[in-house]
Asks: 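Handing you a structure now.
Whatever order the structure lists them in is the order used to number ligands and atoms, beginning at 1.
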Amino acid sequence: MWKLKDSPFVKELESAKEAIVIPPFVSMALRPRPGVWEYARVNAFELNVDNLSVAEYLRFKEELVDGECNGKNVLELDFEPFNATFPGPTRSSSIGNGVQFLNRHLSSFMFRNKESLEPLLAFLRAHKYDGHAMMLNDRIRNISKLQSSLAKAEEVLSRLIPNTPYSDFEYELQGLGFERGWGDTAERVSEMVHLLLDILQAPDPNTLETFLGRIPMVFNVVVVSPHGYFGQANILGLPDTGGQTIYILDQVRALENEMLDKIQKQGLDVSPKILIVTRLIPEAKGTTCNQRLERVSGTEHTYILRVTFRTKNGILRKWISKFDMWPYLETFAEDASHEIAAELQGIPDLIIGNYSNGNLVATLLSYKLGITQCNIAHALEKTKYPDSDIYWKKYEDKYHFTCQFTADLIAMNNADFIITSTYQEIAGSKNNVGQYESYTAFTLPGLYRVVHGIDVFDPKFNIVSPGADMRMYFPYSDTEKRLTSLHGSIEKLVYGAEQNEEHIGLLNDRSKPIIFSMAKLDEVKNVTGLVECFGKSSKLRELVNLVVVGGHIDVHKSRDKEEMGEIEKMHSLIEKYNLHGQFRWIKAQMNRARNGELYRCIADVKGAFVQPAFYEGFGLTIVEAMSCGLPTFATCHGGPAEIIEHGICGFHIEPHHPDHVAAMLINFFEQCQHDPGYWNKISDAGFKRIHERYTWKIYSERLLTLAGVYGFWKHVSKLERRETRRYLEMFYILMFRDMVSLF
Ligand code: UDP
Ligand code: LCN
């Protein structure tokens with residue numbers, strides 16, 4: 001028998017992500033696969049279906065907002081025409097691998113004949129550091145000469161033993177037209193020479209990527225992260241200060257090591273420099289955020305450079321929320337450009353923005369200085385707050401999302417490349433919309449309508465996942481490295497009888513494993529949801545204890561409204577479910593070394609880590625816990641769904657169904673009771689997963705290769721995107737400036 005549910009129409013409906021009902025019409029946004037959208041309208045009276053254009057759909061959607069949509073001449077933003085002639089991949093599975101696509105496409109295009117190789121030659125000849133030529137000198141003026149010189153160099157090098165230092169044959173190569181930058185030994189120079197000869201003969205995208213990745217192009221890097229308290233001590237748990245800060249501090253260490261290694265291997269004697277540009281906060285609350293310059297520990301050439309926020313009325317002295325920063329950023333960027341120039345005695349080669357505010361500043365700087373721009377979002381707020389675009393007015397006072405989404409559009413379209421921690425960040429999954437994808441088409445009624453905001457197929461997107469600092473987050477079984485001197489203080493933290501501002505609650509039965517969670521006490525992190533789920537399940541409470549780290553215990557110590565609400569909720573849950581004896585709440589912990597050991601101590605008692613957020617951009621705590629060998633249960637909404645392979649190296653949980661979460665935890669701990677090998681199996685697989693995919697070493701190698709490749713293509717092709725930048729400039733001046741003037 002024919003069933004309605006098997007009909008093509010119902011199949012289509014299954015891909016609907018949104019439906020708007022304004023009788024007699026039902027308009028739908030259909031998403032047959034990640035990154036691909038179609039729009040349709042059903043007339044429920046006449047039972048017919050029409051396709052809609054994106055603009056028609058958005059116009060219909062605007063009708064939800066009283067009267068706002070009636071304005072006929074709404075500003076429509078459309079970035080599609082700028083990229084229309086530039087192909088992108090079409091398969092959803094290729095999203096996030098932009099560099100590969102770009103190399104394949106552009107190498108076939110560029111290497112059609114000898115003339116089309118000229119830009120490569122110009123690029124190699126333009127290479128300089130501090131005014132000194134690198135790679136090629138004036139003796140090589142055309143491709144034929146380059147080819148013949150390479151052949152001669154090959155001959156010279158073949159006569160040398162592989163580890164002959166560059167200085168021994170520098171003079172001879174210089175005579176052939178080569179300068180430093182090819183390698184530090186005969187062996188490495190000869191590898192580079194072969195790579196280039198191969199490219200000139202028969203270009204292959206992988207060879208091209210290896211060659212470009214090796215050319216020393218990045219010596220000075222600027223990383224921008226204006227919000228929160230950016231420092232190295234006493235900052236975690238302060239407002240707006242979490243994973244992003246950790247990410248950047250780990251990132252710059254890894255990047256410096258990789259740059260030093262690369263520079264040395266290419267035979268150069270150059271010191272790189274990395275500057276993290278952030279806000280200087282005069283009232284720094286016991287942190288170093290009032291210092292202009294601070295060296296990053298564990299590095300030689302990396303500094304935090306702080307620049308004040310100022311207006312015509314003077315310097316802003318206090319911390320302000322990331323949601324209120326928009327009016328300060330243009331002046332901040334201007335001031336920062338002078339400070340950067342003073343520190344570097346030149347301009348950076350690469351600028352990396354972080355989060356919406358940092359990416360906007362990176363945009364202003366890259367526009368001004370003409371340098372390669374990389375964006376990192378960490379988390380885009382749009383997907384965190386459902387309908388924050390269409391109902392923007394509801395959120396405006398508290399969050400100023402109009403500024404944020406406008407800044408996001410400008411920054412993501414200006415960036416040369418964007419790196420994300422996961423695929424889902426770009427294009428979601430089969431059923432969930434990606435963070436960037438949510439900018440494809442949306443409307444801010446009364447302000448503007450975006451018909452093509454960003455294309456997730458754009459080859460600027462690349463997945464480069466972060467890791468965890470292995471000096472701190474290593475497996476519990478690595479007994480020799482264990483920080484046993486911290487065990488006394490951890491013991492007190494978890495089991496100590498004292499009830500104070502640092503910790504409350506007791507664990508009466510120490511023989512039980514511990515479920516552990518650590519996060520900022522924001523609503524979206526849903527730590528209170530985990531406590532409630534535990535409180536409600538007598539079976540789970542029988543099997544395990546619960547320990548959570550986060551926020552303040554004393555509500556009067558908090559300065560953050562959202563956190564205050566969560567603190568009060570936590571206290572009331574303790575009473576409501578009478579958690580005494582089975583639950584411990586520890587305030588936010590700032591000592592990362594001890595936090596690493598804490599994860600391992602939880603592993604010692606065969607516990608598990610639970611990350612119950614309603615939404616998590618990436619989730620560094622998950623990588624940390626798994627690095628320590630702690631079996632991990634994490635939200636299926638956002639990045640964790642990708643870090644963990646469900647049932648193999650951890651588990652996905654659905655925070656909206658706490659009963660299921662409890663059942664999964666019960667099932668896990670019961671299984672561990674019957675078969676203690678099960679815990680080890682998940683623990684080992686978790687560690688293996690991180691080791692293979694989520695390390696800072698893999699990250700920094702990749703990031704530098706991308707900087708090289710995008711820098712090259714920007715130089716030699718139309719990727720400079722001048723027309724897009726002009727359009728963005730107008731949008732910035734006419735729209736964004738106006739918005740921030742209303743603060
Ligand atoms: N963290 C910490 N102490 C706390 C809470 C969090 O050291 O009390 C650290 C945690 O170890 C992790 C980071 O802060 O390195 C949080 O990053 P994540 O990506 O999990 O979330 P975010 O806070 O960035 O949303
Ligand atoms: C911000 C977040 O919200 C987290 O999900 C990430 O792990 C963190 O930044 C680092 O990228």
Side-chain angles (χ1 to χ4, degrees), residues 223 225 227-251 322 352-359 375-384 419-422 424-425 435 463-469 472-473 493 502-503 516-527 547-553 558 560 562-563 566 585-600 602 609-628 630 632 634-635 637-643 694 696 699:
V223 178
S225 179
H227 73 237
Y229 287 83
F230 201 106
Q232 303 184 72
N234 304 328
I235 48 108
L236 286 171
L238 291 176
D240 288 349
T241 312
Q244 181 172 322
T245 314
I246 306 280
Y247 177 117
I248 294 169
L249 287 171
D250 286 349
Q251 173 201 44
K322 62 184 179 187
I352 304 175
N354 291 273
Y355 192 71
S356 309
N357 45 36
N359 288 325
N375 283 13
I376 305 177
H378 297 278
L380 291 163
E381 300 298 332
K382 201 160 170 296
T383 24
K384 269 197 209 166
I419 62 176
T420 69
S421 300
T422 57
Q424 74 77 31
E425 194 178 331
Q435 297 183 53
I463 303 163
V464 187
S465 312
D469 186 337
M472 286 177 212
Y473 306 103
L493 212 55
E502 188 84 5
H503 39 66
F516 176 54
S517 194
M518 174 163 73
K520 286 182 295 202
L521 224 49
D522 289 352
E523 281 163 22
V524 69
K525 295 286 184 188
N526 188 33
V527 178
V547 174
V548 303
V549 169
H552 286 278
I553 312 272
S558 176
D560 184 318
E562 201 174 308
E563 188 186 72
E566 288 296 286
W585 173 19
I586 303 166
K587 86 175 238 208
Q589 292 300 303
M590 301 194 175
N591 180 339
R592 289 181 76 203
R594 192 167 73 174
N595 289 351
E597 197 53 34
L598 178 56
Y599 285 116
R600 287 184 289 274
I602 306 288
F609 185 75
V610 182
Q611 211 282 13
F614 291 122
Y615 190 84
E616 186 61 59
F618 179 65
L620 286 177
T621 51
I622 291 144
V623 176
E624 292 164 0
M626 288 165 76
S627 302
C628 294
L630 195 52
T632 298
T635 179
H637 300 290
E642 223 167 293
I643 305 173
Y694 301 96
W696 285 111
Y699 175 101

Asks: Do Y699 and Y247 pass the ring-ring contact (aromatic ring centres under 6.0 Å, His included) test, and can you show the C-alpha distance, the side-chain angles, and the key distance before you say yes or no?
Replies: CA-CA 11 Å; Y699 175 101; Y247 177 117; 5.8 Å; yes

Asks: Pairs of nitrogen or oxygen atoms closer than 3.5 Å, one from H378 and one from ligand 2: do any exist?
Replies: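 By distance alone, the answer is yes.
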
Asks: Do any N/O atoms on A379 end up under 3.5 angstrom from N/O atoms on ligand 2?
Replies: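 No.
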
Asks: Does T632 reach the main-chain N or O of L630 with its side chain, forming a donor-acceptor pair under 3.5 Å?
Replies: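 Judged by distance alone, yes, a pair lies under 3.5 Å.
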
Asks: Answer with yes or no whether M518 contacts ligand 1, where contact means a heavy atom under 4.0 Å from a ligand atom.
Replies: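 Checking ligand 1 against M518, which is what was asked, there is a heavy-atom contact under 4.0 Å.
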
Asks: Measure the distance from atom 4 (C) of ligand 1 to every protein heavy atom, then report the residue, atom name and distance (to 0.1 Å) of the closest one.
Replies: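 Answer, as residue, atom name and distance: Q589 O, 3.6 Å.
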
Asks: Could you find the nearest protein heavy atom to atom 18 (P) of ligand 1 and give me its residue, atom name and distance?
Replies: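 Closest protein heavy atom to atom 18 (P) of ligand 1: L620 N, 3.5 Å.
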
Asks: Taking both backbone and side-chain atoms of K525, is any N or O found less than 3.5 Å from an N or O belonging to ligand 1?
Replies: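 Yes.
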
Asks: Can you list the atoms of ligand 1 that are under 4.0 Å from a heavy atom of N595?
Replies: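 Under 4.0 Å from N595, ligand 1 has these atoms: 2 (C), 3 (N), 7 (O).
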
Asks: So, is G243 polar-close to ligand 2, with some N/O to N/O distance under 3.5 Å?
Replies: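 For ligand 2, there is no N or O atom that lies under 3.5 Å from one belonging to G243.
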
Asks: Verify whether one side chain among N357 and H227 offers a donor that lies under 3.5 Å from an acceptor in the other.
Replies: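 Indeed, the side chains of N357 and H227 share at least one donor-acceptor pair under 3.5 Å.
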
Asks: Okay, side chain of N595, backbone of Q589: is any donor-acceptor separation there less than 3.5 Å?
Replies: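 Side chain of N595 to backbone of Q589, a donor-acceptor pair under 3.5 Å: yes, one is there.
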
Asks: Between Y615 and Q435, is the side-chain contact (heavy atoms from CB on, under 4.5 Å) condition met? List the steps.
Replies: CA-CA 11 Å; Y615 190 84; Q435 297 183 53; 3.0 Å; yes

Asks: Within ligand 1, which atoms have a heavy atom of A588 less than 4.0 Å away?
Replies: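 Listed by number with element: 8 (O).
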
Asks: Going by the atom numbers of ligand 1, which of them fall below 4.0 Å from some non-hydrogen atom of T621?
Replies: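 The list of qualifying atoms is 10 (C), 12 (C), 20 (O).
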
Asks: Do the charged groups of K384 and E381 touch, with an N to O distance under 4.0 Å?
Replies: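 Salt bridge flag = yes for E381 with K384.
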
Asks: Looking at non-hydrogen atoms alone, which of H378, M472, K520 comes nearest to atom 23 (O) of ligand 1?
Replies: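 Minimum heavy-atom distance to atom 23 (O) of ligand 1 goes to K520.
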
Asks: For side-chain contact (heavy atoms from CB on, under 4.5 Å), just list the numbers for I376 and Q251, CA-CA rounded to whole Å, side-chain angles, deciding distance to a tenth of an Å, and then say yes or no.
Replies: CA-CA 12 Å; I376 305 177; Q251 173 201 44; 3.7 Å; yes

Asks: Answer with yes or no whether the side chains of T621 and Q611 bring together a donor and an acceptor at under 3.5 Å.
Replies: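 Their side chains do not contain a donor-acceptor pair, so the 3.5 Å distance test is not met.
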
Asks: With no hydrogens and no angle check, just 3.5 Å: does a side-chain donor-acceptor pair link Y599 and E624?
Replies: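 There is such a pair (donor and acceptor under 3.5 Å, judged by atom type) between the side chains of Y599 and E624.
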
Asks: Would you mind listing which atoms of ligand 2 come within a distance below 4.0 Å of any non-hydrogen atom of Y247?
Replies: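 In order of numbering, the contacting atoms are 10 (C), 11 (O).
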
Asks: Give the C-alpha distance, both sets of side-chain angles, the deciding distance and a yes or no for side-chain contact (heavy atoms from CB on, under 4.5 Å) between Y473 and L620.
Replies: CA-CA 11 Å; Y473 306 103; L620 286 177; over 6 Å; no

Asks: Answer yes or no for Q611: is there a heavy-atom contact with ligand 1 below 4.0 Å?
Replies: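 The answer is no: ligand 1 sits nowhere under 4.0 Å from a heavy atom of Q611.
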
Asks: Which ligand 2 atoms does E616 reach within 4.0 Å, using its non-hydrogen atoms?
Replies: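 Every atom of ligand 2 under 4.0 Å from some heavy atom of E616: 2 (C), 3 (O), 4 (C), 5 (O).
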
Asks: Which of the atoms in ligand 2, numbered in the order shown and given with their element, are less than 4.0 Å from a heavy-atom of G619?
Replies: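 In order of numbering, the contacting atoms are 4 (C), 5 (O), 6 (C), 7 (O).
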
Asks: Using a plain distance cutoff, I'd like to know if V549 has any nitrogen or oxygen under 3.5 Å from a nitrogen or oxygen of ligand 1.
Replies: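 V549 vs ligand 1: no N/O contact under 3.5 Å.
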
Asks: Looking at ligand 1, does any of its N/O atoms fall within less than 3.5 Å of an N/O of A519?
Replies: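 Looking only at distances, the answer is no, because the N/O contact criterion of under 3.5 Å is not met.
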
Asks: Taking D250 first and then R592, would you say they form a salt bridge - that is, a charged N and a carboxylate O separated by under 4.0 Å?
Replies: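 Yes.
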
Asks: Roughly how far, to the nearest 0.5 Å, is CD1 of I419 from CD1 of I352?
Replies: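 The CD1 atom of I352 sits 6.5 Å away from the CD1 atom of I419.
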
Asks: Using a strict 4.0 Å cut-off to heavy atoms of G617, name the atoms of ligand 2 that fall inside it.
Replies: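 The list of qualifying atoms is 5 (O).
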
Asks: Where's the contact between I246 and ligand 1, heavy-atom distance under 4.0 Å: side chain, backbone, both or neither?
Replies: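 I246 to ligand 1: side-chain contact only, backbone stays beyond 4.0 Å.
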
Asks: So if I count the atoms of ligand 1 from 1 in the order they appear, which ones are less than 4.0 Å from some heavy atom of G243?
Replies: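 Heavy-atom distances to G243 below 4.0 Å select 13 (C), 16 (C), 17 (O), 22 (P), 23 (O), 24 (O).
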
Asks: Against heavy atoms of E616, which atoms of ligand 1 measure under 4.0 Å?
Replies: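 Every atom of ligand 1 under 4.0 Å from some heavy atom of E616: 21 (O), 25 (O).
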
Asks: Considering L236, D250, I235, which one's heavy-atom position lies nearest to atom 9 (C) of ligand 1?
Replies: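 Residue with the shortest heavy-atom distance to the ligand atom: L236.
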
Asks: Determine, stepwise, if the pair L521 / D560 fulfils side-chain contact (heavy atoms from CB on, under 4.5 Å).
Replies: CA-CA 10 Å; L521 224 49; D560 184 318; over 6 Å; no

Asks: Does G550 reach ligand 1, in the sense of a heavy atom lying below 4.0 Å from it?
Replies: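 It does not; every heavy atom stays at 4.0 Å or beyond.
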
Asks: From the options T241, T245, N354, select the one residue that forms a side chain to side chain contact (heavy atoms under 4.5 Å, CB included) with F230.
Replies: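 Only one option passes, and that is T245.
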
Asks: Heavy atoms only, cut-off 4.0 Å: how does E624 contact ligand 1, side chain, backbone, both, or neither?
Replies: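 Under 4.0 Å from ligand 1, E624 contributes side-chain atoms alone.
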
